[in-house]
Structures are given as structure tokens and as C-alpha cells.
Amino acid sequence: MKEIPDKYKHKEQEAKWRETWKANGVFSWDPARPREETFIVDTPPPTVSGSLHIGHVFSYTHQDLLARYQRMKGKNLCYPMGWDDNGLPTERRVQNLFRIQCNPHLPYDPEWKAEKKGAKQPVQEVSRRNFIEACGIVTAEDEAAFEGLWRSLGLSIDWDLQYATIDEHCRKISQASFLEMVEKGYAYSIEAPTMWDVDFQTAVAQAEVEDRSRPGHFHDIRFQVEDGGDFIITTTRPELLPACIAVVAHPDDARYQSLFGKNAITPLFGAKVPIMPAEHADPEKGSGILMVCTFGDAADVEFWKQSKLPIKQIIGRTGTLLPVEFGQGDFNSENPKQAQKNYQELAGLGVAKAKKRIVELLAAERLVDGSSPLVSEPRPLEHPVKFYEKGDRPLEFVTTRQWFVRLLEHRDALKAQGQKITWHPAHMQTRYQNWVEGLNQDWCISRQRYFGVPFPVWYPTDAQGEADFSQPIFADVASLPVDPMSATPPGYSEGQRGQPNGFVADPDVMDTWATSSLTPQIISHWGLDEKRHQNLFPMDIRPQSHEIIRTWAFYTIVKAWIHSGEIPWNHVVISGWILDPDRKKMSKSVGNVITPGHLLEEHSADGVRYWASRARLGADTAFDEGVMKVGKRLCTKLFNASRFVISQLERVGADISAFGPEQVTTEVDRDLFVRLKKTVVTAEKSFEKFDYAAALEATEKEFWAFCDDYLELVKRRSYGEEDNEDRRSALATLALSLKMFLRLFAPFLPFMTEEIWSWRFAKSEGKEGSVHVASFPTSAEYAAVAETKYTNCYAAGVEVLVKIRSAKTEGKKSLRWPISQLTVRGSQENLDALKVALDDVLEAGCVQPDGVTFEVGEPKEGDLFEVVAVLAEEVPASA
RNA sequence: GGACGUAUAGCUCAGUUGGUUAGAGCACUACGUUGACAUCGUAGGGGUCAGCGGUUCGAGUCCGUUUACGUCCACCA
């Protein structure tokens with residue numbers, strides 16, 4: 001027999017169980033079992049270069065609760081872990097840690113080794129392959145640290161099912177997905193103005209764009225009209241004046257009707273631009289007339305596309321003004337020499353500096369009537385400006401060649417897919433619908449970065465060595481994954497790379513979401529193992545947070561629809577955010593992030609999990625260490641109550657696992673089981689609705705009541721010296737109820753319940769001995785407990801005991817103080833019920849048996865009884 | 001501007017299809033070491049259920065409206 005410890009030391013015990021679970025493969029997935037017996041979690045792959053905070057612990061606990069419940073229901077759990085390691089965050093960290101910069105034109109240096117360097121050391125340029133190797137070193141370290149934390153938290157992940165979004169398998173799936181999207185006509189490449197981050201020098205997608213409120217200025221600028229007259233335009237972006245291609249006003253705007261069809265002359269640059277009607281011009285805003293520049297915003301892009309006007313691109317990929325020649329090409333001017341002189345003042349400047357300079361130029365400029373085109377001092381305002389979510393400078397529209405996935409024409413189909421999925425909580429589906437309805441661009445999936453999945457594409461070159469983008473050469477699916485920078489396209493030799501009549505590689509990598517949108521296919525081995533794919537796809541649950549519904553959830557639904565015509569999972573479960581005590585979202589930029597390490601140490605993993613388990617899905621929750629303390633206290637209570645139950649049984653040599661429901665024979669015990677069965681049903685129903693918090697609440701409430709009341713009432717019988725039916729029933733009830741509570745708590749408190757389970761309930765040392773593969777309690781399990789003939793006899797006993805205790809508290813006496821006279825008034829029916837429990841009550845309440853009086857009568861409304869307990873004059877020596 | 005959510009005790013939160021006197025924990029107060037538990041127990045005080053209006057025999061719950069807070073989307077002249 002295993003020795004039961006006096007004290008629970010959570011650090012040691014939790015470490016012990018982590019090792020045991022690992023050694024026994026308690027959480028491993030069995031690929032042989034069929035789909036209907038399997039439950040699949042599409043685990044969110046955390047960005048490894050970020051640091052984990054308490055919010056991650058919160059949401060990953062939620063999925064683990066659901067996984068553990070399903071496992072105890074007998075399901076074969078496929079609960080993998082992925083790491084999102086490609087993309088910008090890793091690149092940034094690698095650049096800083098190793099002081100390197102990727103230069104994709106350098107050859108690979110096999111001798112080069114990545115070394116961490118101080119911030120003051122010079123930056124070294126390395127090849128793309130060397131750079132990626134360095135990324136691999138960093139992500140491997142990060143992944144190990146993350147895995148350690150997840151194990152500390154007790155996540156029941158199958159650690160054999162791991163993937164990293166940059167690994168070979170994921171690259172293969174991502175490239176295969178791309179090729180199929182090309183084949184099915186969903187992916188296309190086009191040279192077009194695209195939202196562009198000038199610092200990262202990459203295109204970005206609509207989903208990665210956010211508005212930030214920034215100070216700016218209105219500038220009122222007078223334009224001349226070709227054959228006389230003028231008008232004033234209000235703009236916040238005067239630096240785009242040289243890129244002005246048209247001037248527009250609303251077609252119904254009376255003020256400008258007479259100007260439509262004429263040309264305006266831009267100040268400083270003398271460019272003749274058409275004055276045109278346009279629906280998007282709002283007469284209420286500014287002066288009602290505005291300039292269209294290539295490109296100031298999405299409306300400019302849209303207008304330019306429809307108008308077929310020439311493009312005047314003045315902002316380059318680095319965010320500085322490009323050198324252009326006025327009087328040549330599309331940069332027309334009435335006075336090219338003066339225009340060029342003015343532009344020379346701006347060329348090479350960044351956007352902010354160009355803005356400042358052009359205001360000075362406008363102020364100094366004189367129109368024919370001698371006035372300045374800048375008709376007033378710039379007026380300050382706060383306005384929303386679009387930023388890349390990871391960027392520091394406003395986005396610009398730059399014309400580049402990019403790969404896109406068609407979304408706009410499929411909005412209705414994608415909305416319908418969202419409706420086939422059950423969202424928890426349900427209102428989160430609205431966010432998905434809103435996002436799909438609000439889409440205004442196709443999905444740009446190409447990024448001008450290095451650490452990511454390359455496009456498996458090359459382009460033939462013409463006699464001049466220029467790439468022909470209209471004839472892309474795609475890699476063969478069997479050859480995936482490929483890096484076109486080092487692999488040669490079919491039918492070419494490496495010597496033809498970059499040569500006339502040769503080929504060039506597509507230099508770009510995919511958006512990180514292009515890979516992470518495939519997590520279900522990555523896990524199911526889509527296209528590689530059809531049997532496994534059929535067995536795992538669609539999945540059961542996708543846990544995630546709500547701010548990435550528009551990215552991760554949305555793109556995953558897109559990919560599943562394109563590739564399989566299916567939804568990727570049946571349920572999406574959304575965790576809320578952790579708010580700091582001021583109810584602000586915890587985020588790195590705000591600097592209010594709380595890391596979980598010390599909390600797990602102090603409050604135990606079970607305590608921290610308890611805190612997370614109390615929060616319902618989707619509800620933002622304030623960080624509260626007090627709740628973790630409550631969780632730890634619950635563990636202690638469970639520990640002590642279990643020791644008591646086991647000691648009671650073993651005092652008389654009973655085997656705790658040998659009791660069955662038919663041995664519950666005493667009326668009070670049978671009545672207790674009416675309650676316990678209700679609790680089991682509530683827990684099960686709640687879990688089936690993914691409402692783990694309600695399951696915990698019901699279990700916890702019942703457990704405390706069990707400790708406070710039943711354990712007190714039962715002592716007379718369980719401590720009894722005589723081996724009779726009453727005692728056997730008490731022991732059976734203790735054994736069965738403890739076994740029940742341990743399993744009900746197991747998803748929430750996996751360490752503590754496993755510890756206690758291992759004392760006496762575990763049937764073996766291996767996987768089968770774990771409480772986490774034991775079956776979750778059902779009410780059917782206790783069907784063989786006979787119904788009591790005295791309904792409420794347990795409740796009656798409890799109520800009288802509570803009132804006796806209350807009398808002692810009021811009398812400022814200890815709970816062991818004897819009661820000399822007890823009068824109980826109630827209905828005959830309730831008194832009869834009470835009499836069944838009376839011996840237990842009298843013993844627990846230290847009532848002298850000869851001092852009890854019953855009266856038939858009406859107690860206060862809501863009560864079963866009115867109780868008068870007279871405290872004894874003094875403590876007898878025996879007490 | 002559009003959408004969604006939240007508002008219940010000092011704090012963190014429950015409150016089911018409308019149904020007795022609105023609950024729990026923390027904190028607070030008092031009492032008590034009792035044969036599982038001082039990492040404790042027992043008991044107590046504490047609420048105009050954000051405001052207003054409506055439906056109903058009856059509203060924390062349903063409807064309308066207002067306010068505050070949060071989030072997402074739109075908004076760059």
C-alpha cells in the first residue's frame with residue numbers, strides 16, 4: 001500500500017506527475033482508432049519569438065479542459081502542438097541577437113556560424129540560407145522554453161504531434177496549397193498598387209492593417225483652373241501634390257459643376273490635371289473638392305483603376321520620394337523646368353520631411369495674382385492613419401507585383417461556411433460575418449521577406465534578361481518543398497539563372513497566415529496521407545482568441561473551402577482576454593504584461609488552472625491572484641478530505657475500490673446520492689456545451705457542501721466500532737463519492753487529482769492507472785443506489801445541524817460544546833425524515849439524546865424546521 | 001458612423017425556459033483549535049441588479065430607450 005503523505009508539496013508532486021505522464025504516454029493519440037472515437041484540437045501555434053504571458057496560460061487551459069473531458073469520455077485525443085516561427089517577429093529577433101542582415105544575393109557560406117553579439121557590434125550581411133539557419137537556432141530555443149511552460153501548466157498535449165510552421169512538412173503543405181490555389185484559379189499575381197510598409201519593405205494584407213489616430217494638418221491649397229478661375233483644396237498630404245493625377249468633386253456638388261471637364265493646374269508643378277466628378281467625394285468634408293494622387297489612400301487606388309489615368313508613382317519602397325523627370329513620361333507640366341526645380345527640393349526625402357519642405361515651397365510660391373497657393377496656415381487635426389500592425393510608419397501604396405488569393409467574389413460562399421460552424425460563444429460568429437462583409441481587397445499572400453515559405457515559382461527571362469511574369473513556371477508537387485533560389489526549374493540548368501533566355505526565381509516568401517491557415521491540413525497530412533487526412537479532417541475544435549477571427553479563423557476557413565469544400569472544424573471556441581486590474585488589455589506595448597512562471601510556482605499549476613477555469617468562454621477577465629489562492633485552497637481541501645476518507649476506510653481494513661452502489665443502504669446516504677447525481681448531470685451537460693466553468697462551479701459547490709455537512713454527519717457511523725450495515729453504507733458512500741469528486745475535478749486540477757487517485761484508486765502504474773483516462777462520472781454509474789423512502793432526510797439532518805452550529809456560534813461557544821435541550825418544530829413528514837438522520841445529527845451536534853423534543857407545527861417560510869438548541873451549563877469532563 | 005459585448009455586494013463573478021426573501025468566493029466582523037483540514041472551521045453584516053419607460057398576476061431575467069466601459073469594422077480631402 002502506498003503511503004499517504006501528510007502534506008502536499010505542489011512543486012515536487014507536479015514535477016513528478018509531469019514526468020510520469022510523459023513516461024507513460026498518457027496523452028498519446030492512437031492513429032488506429034476511427035474518426036467517431038477521435039476528438040481533434042486544432043491547437044493555436046504560438047508565435048515563438050514573443051514571450052508567453054498569463055493570457056496564453058488562460059486560453060490554453062480552456063482548450064485543455066475540453067480535451068481532458070473528451071479524453072475521460074473515452075475519446076482518442078489528437079491534441080498536437082505547433083510553433084509559429086516564421087515571419088517578421090523571428091527575423092527581427094535574429095537580426096538583433098546575431099547582428100546580421102539578410103542579403104539574398106549572397107551565396108551560402110557553409111562555414112558561417114551564428115553567434116550572439118552585443119548591440120554595438122557591426123551588422124554582418126549573410127545569405128538567405130545562413131539567415132534561415134540562424135532563425136532555426138533561435139526558434140529551437142524558444143520552442144524548448146515554451147514546451148517547458150506548457151508542461152508545467154499540465155496541458156495534456158501529445159508531444160509527439162509537434163510541428164513548426166517553417167519545418168519541411170509545413171513548407172511542403174503550404175507550397176502544395178499554393179499550387180492547388182493556382183490550379184483552381186484562386187491564386188493570381190498582378191502588378192498593382194498595394195499597401196506597403198516602408199520599414200519592413202513588404203506588402204501587407206488588409207487583415208494586418210490597423211488604424212491609429214495620429215496628429216496631422218489640414219492644408220488649404222489654391223489650384224488654378226486652365227482657362228481662368230481657381231478653387232481651394234483641403235489636404236492632409238501636400239507632399240503628394242507632384243503625384244496628383246486628377247481633381248474630383250461630387251457629381252451633384254453645385255459649387256463645382258462648371259469645372260467638370262476642364263483642367264486644373266497644380267501649384268509648384270504646373271501639371272494639367274482633369275477635373276472630374278466622383279461619387280466618393282463628400283461635399284461635407286473639407287472644401288468638397290479633392291485631389292487624386294497616386295497614391296494617397298484606397299479611394300485614390302480605386303479611382304485610378306477606373307479612370308485609366310496614368311500613374312505618377314513618387315513614393316518608393318523605402319518611403320522616400322523617387323527621382324522623377326517633369327516634362328517626361330506621365331509627369332506632364334506647363335513649366336517643366338520650374339517643376340523640376342521644385343521637385344529637386346523633395347526628391348530623396350522621407351514622407352514627413354517632404355511634407356514639411358513642400359509647405360515651405362507653397363508658402364513661398366506666388367500665383368499670377370501675387371498670392372500664395374497656401375491660402376492659410378496649416379490647421380492641426382487628429383485623424384486615423386493606416387499602419388501595418390507591427391509597423392512604425394504609416395503605410396503607403398506602392399506598385400509592386402504580388403500574389404493574391406481571390407476573396408471578394410466569394411464573400412457569400414465564405415459567409416455560408418461560417419454559418420456551418422458552431423461558435424462559442426455564439427455572438428463571435430457575428431464578428432466573422434462582419435469581417436467577410438467588409439472585405440475590400442483580395443488576400444495578398446506574398447511578402448518581400450526572407451524567413452518564410454518561398455513561392456515554388458520561377459519566371460522565364462527574355463532575350464534581354466527581363467522576367468516574363470505572364471509565364472510562371474511552377475514546381476512539380478512531388479518536388480516540394482523547394483526553394484527556387486537554389487533549386488532549378490524543370491527543363492533548365494542552374495547556369496541559366498538570371499541569364500537572358502534563362503530563368504529567375506520568385507524572390508518572395510508567403511505571408512505567415514498562408515501557412516498557419518493550414519494548421520488542420522498540416523496535422524492531417526493533407527495530400528500526403530489520405531487515410532490520416534480523412535480521419536482527422538474536419539476537426540472538432542479550434543480554440544483561439546477573438547482578435548484573430550479576421551485572420552487565423554477566417555483564412556483557415558478560406559483554405560478549407562478552397563481545398564476541400566468543407567469547414568475546417570465543427571466548433572470554434574473563443575477565449576477572452578486577460579485584463580489588468582485597471583481593466584486594460586494585457587499587452588506588450590502597454591507594458592502591463594504578467595508572466596506566468598512565478599504564479600505557477602507560488603499558487604501551483606492547479607491553482608492557476610482553477611483561476612482560468614472560472615472564466616467563461618469569450619469573457620474578458622480581470623487578472624486576480626486571489627482566485628488562484630482559492631484554487632490552491634480547494635486543492636488542500638481535496639487533499640485533506642481524501643486522506644480522511646481513506647483513513648476511515650482503512651481503519652477497519654476496507655478496500656476503497658471494492659465498494660459498489662448497491663452497498664449504499666442507509667437512507668441518508670441514498671438521499672445524498674440524489675444530490676450527487678444531479679451534480680454529475682450538470683457537469684456533463686455543461687461540458688457538452690463547452691461550458692467548463694459551469695461544470696467546475698457545480699462540482700466545487702457540491703464538494704464543499706459534502707465536506708461541511710456529509711463528512712460531519714457520517715462520523716458517528718464511520719467511526720463506529722461495530723461492523724454493521726449502517727457503517728458499511730457510510731464507508732461505501734465515502735468511497736464512491738470521493739472517487740466521483742476526483743474524476744469531476746480531474747480536468748481542472750490534473751495534478752492534485754492524479755496524486756490522490758494514485759494512492760488507492762489507480763489500477764496500475766501505467767497509462768491505465770491515470771485518473772485522466774478514467775471515465776468521467778455519469779449518473780448511470782449510480783443508478784443502482786436505491787431511492788430513499790424518506791425524501792429530504794439528508795437535507796433535514798443538514799438543516800438541523802447547521803442550526804445547532806449557529807446556536808453555538810451565537811452563544812460564543814466551541815462547536816464541541818454540548819446541547820442539553822433540543823426542540824425541533826416542523827411538519828410531521830419532515831420530522832419523520834429527520835428521525836432517519838437523527839442519530840448522526842445528535843452525534844455531530846453533541847446533543848444529549850435524552851433532551852430532544854419534537855413538535856408538529858409550521859416553521860418559518862423557506863425552512864424545514866424551527867430549532868431551539870439550549871447550550872449545556874458547562875462542559876462535561878468527557879468533552 | 002455601423003456592429004457586437006459588458007454593467008448584479010468594497011473586489012472577482014454566478015444567476016437556467018420570467019416565479020418565494022437575488023447567490024458564491026475574496027475582503028470585512030465575531031466566535032471557535034473539533035478525532036481530515038489554521039493552507040482551517042462556524043456564523044454574521046453588506047445589494048434601488050447602471051438609469052428611464054413598457055409587457056406581465058409577477059421582471060436581475062423579456063421588449064424599447066438612455067448612459068458608461070470594452071472590442072471589432074468603417075472613416076486619411
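Every chain is numbered from 1 and lettered A, B, ... according to where its sequence line falls, protein lines coming before strand lines. Owing to the predicted nature of the structure, the values given are computational and were not obtained by experimental measurement.
- To the nearest whole angstrom, the two P atoms, one in B:G25 and one in B:U34, are 24 Å apart.
- Using a 4.0 Å heavy-atom criterion, one finds that A:Gln433 contacts no nucleic acid atom at all.
- Between B:A74 and A:Gln206, a contact under 4.0 Å exists linking OP1 or OP2 to a side-chain N or O.
- Applying the 4.0 Å criterion to OP1 and OP2 of B:C26, one finds that A:Arg633 has a side-chain N or O inside that range.
- Residue contacts for A:Lys715: at a heavy-atom cut-off of 4.0 Å it reaches a base atom on one of the strands shown.
- Of the side-chain N and O atoms in A:Arg716, none sit less than 4.0 angstrom from OP1 or OP2 of B:G35.
- Note on A:Ile548: nothing from the nucleic acid sits closer than 4.0 angstrom, heavy atoms only.
- Base pairing analysis places B:A68 opposite B:U6; the two distances defining the Watson-Crick or G-U wobble pair are each below 3.5 Å.
- Residue contacts for A:Ala694: at a heavy-atom cut-off of 4.0 Å it reaches no nucleic acid atom on any strand shown.
- Residue A:Thr430 has its side chain nearest to B:A3 when only B:A14, B:U12, B:A3 are considered.
- Salt bridge status for A:Arg727 with A:Glu722: absent, with no side-chain N to carboxylate O gap under 4.0 Å.
- Among the nucleotides B:A30, B:G5, B:A43, the one closest to the side chain of A:Lys812 is B:A30.
- Nearest nucleotide to the side chain of A:Val630, out of B:C72, B:C26, B:U39: B:C26.
- A:Tyr432 places no side-chain N or O within 3.5 Å of a backbone atom of A:Lys415 that could act as its donor or acceptor partner.
- Which of B:A3, B:U71, B:G41 sits closest to the side chain of A:Asn434 comes down to B:A3.
- If you check distances only, the side chain of A:Lys637 does reach the base of B:C37 with a donor-acceptor pair under 3.5 Å.
- A residue-by-residue look at A:Glu810 and A:Ile233 shows that A:Glu810 has its nearest nucleotide of RNA chain B further toward the 5' end.
- Rounded to whole Å, the P atom of B:C49 lies 15 Å from the corresponding atom of B:U21.
- With distances taken from any side-chain atom of A:Thr621 to the nucleotides B:C13, B:U42, B:G70, the minimum falls on B:C13.
- Across the C1' atoms, B:U55 and B:G64 are found 10 Å apart, a figure rounded to whole Å.
- The six-membered or imidazole ring of A:Phe58 lies away from that of A:Trp577, with a centre-to-centre distance of 6.0 Å or more.
- Looking at heavy-atom distances under 4.0 Å, A:Val645 makes no contact with the nucleic acid at all.
- In this structure, A:Trp704 reaches the sugar-phosphate backbone alone: every heavy-atom distance under 4.0 Å involves primed, P, OP1 or OP2 atoms, never a base.
- Using a 4.0 Å heavy-atom cutoff across all strands shown, A:Asp211 reaches at least one base atom of the nucleic acid.
- Map A:Thr636 and A:Asp624 each onto its nearest nucleotide of RNA chain B; the residue landing nearer the 5' end is A:Asp624.
- No engagement by A:Tyr8 is indicated, since no non-hydrogen atom pair under 4.0 Å with the nucleic acid exists.
- Taking atom C1' in both B:C62 and B:U17, the straight-line distance is 12 Å, to the nearest Å.
- In this model, the phosphate group of B:C75 is approached by a side-chain N or O of A:Lys386 to a distance below 4.0 Å at OP1 or OP2.
- Residue contacts for A:Arg616: at a heavy-atom cut-off of 4.0 Å it reaches the sugar-phosphate backbone alone, with no base atom in range.
- With sequence neighbours excluded, the residues forming a ring pair (Phe, Tyr, Trp, His ring centres under 6.0 Å) with A:Phe706 are A:Tyr710, A:Phe741, listed by chain and number.
- Taking atom C1' in both B:G47 and B:A24, one finds a spacing of 14 Å when rounded to whole Å.
- Annotation: B:U65 and B:C26 have their C1' atoms spaced 36 Å apart (nearest Å).
- Residue A:Cys846 is out of contact with every strand shown, counting any heavy-atom pair closer than 4.0 Å.
- Of the P atoms belonging to B:C63 and B:G1, the separation is 24 Å, rounded to the nearest Å.
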Show me the side-chain donor-acceptor pairs of residues 380-388 of chain A shorter than 3.5 Å, one per line, residues at least two apart or across chains.
from: A:Glu382; atom 1: OE1; to: A:Ser213; atom 2: OG; distance (Å): 3.0
from: A:Lys386; atom 1: NZ; to: A:Asp211; atom 2: OD1; distance (Å): 3.2

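- Note: A:Trp435 and A:Phe554 have perpendicular aromatic rings, judged against thresholds of 30 and 60 degrees for the angle between ring planes.
- Remark: B:U56 base-pairs with no nucleotide in the shown strands. Criterion, Watson-Crick or G-U wobble with two distances under 3.5 Å.
- Taking atom C1' in both B:U6 and B:G15, one finds a spacing of 16 Å when rounded to whole Å.
- Side-chain proximity of A:Glu697 to the nucleotides B:A14, B:U71, B:A43 is greatest for B:A14.
- Checking A:Lys629, A:Glu700, A:Lys632 one by one against A:Tyr610, the side-chain hydrogen bond (donor to acceptor under 3.5 Å, both in side chains) holds for a single residue, A:Glu700.
- The A:Val627 side chain lies nearest to B:U12 when the options are B:G32, B:U12, B:C76.
- A:Ala622 comes within contact range of the sugar-phosphate backbone alone, with a heavy-atom separation under 4.0 Å but no base atom that close.
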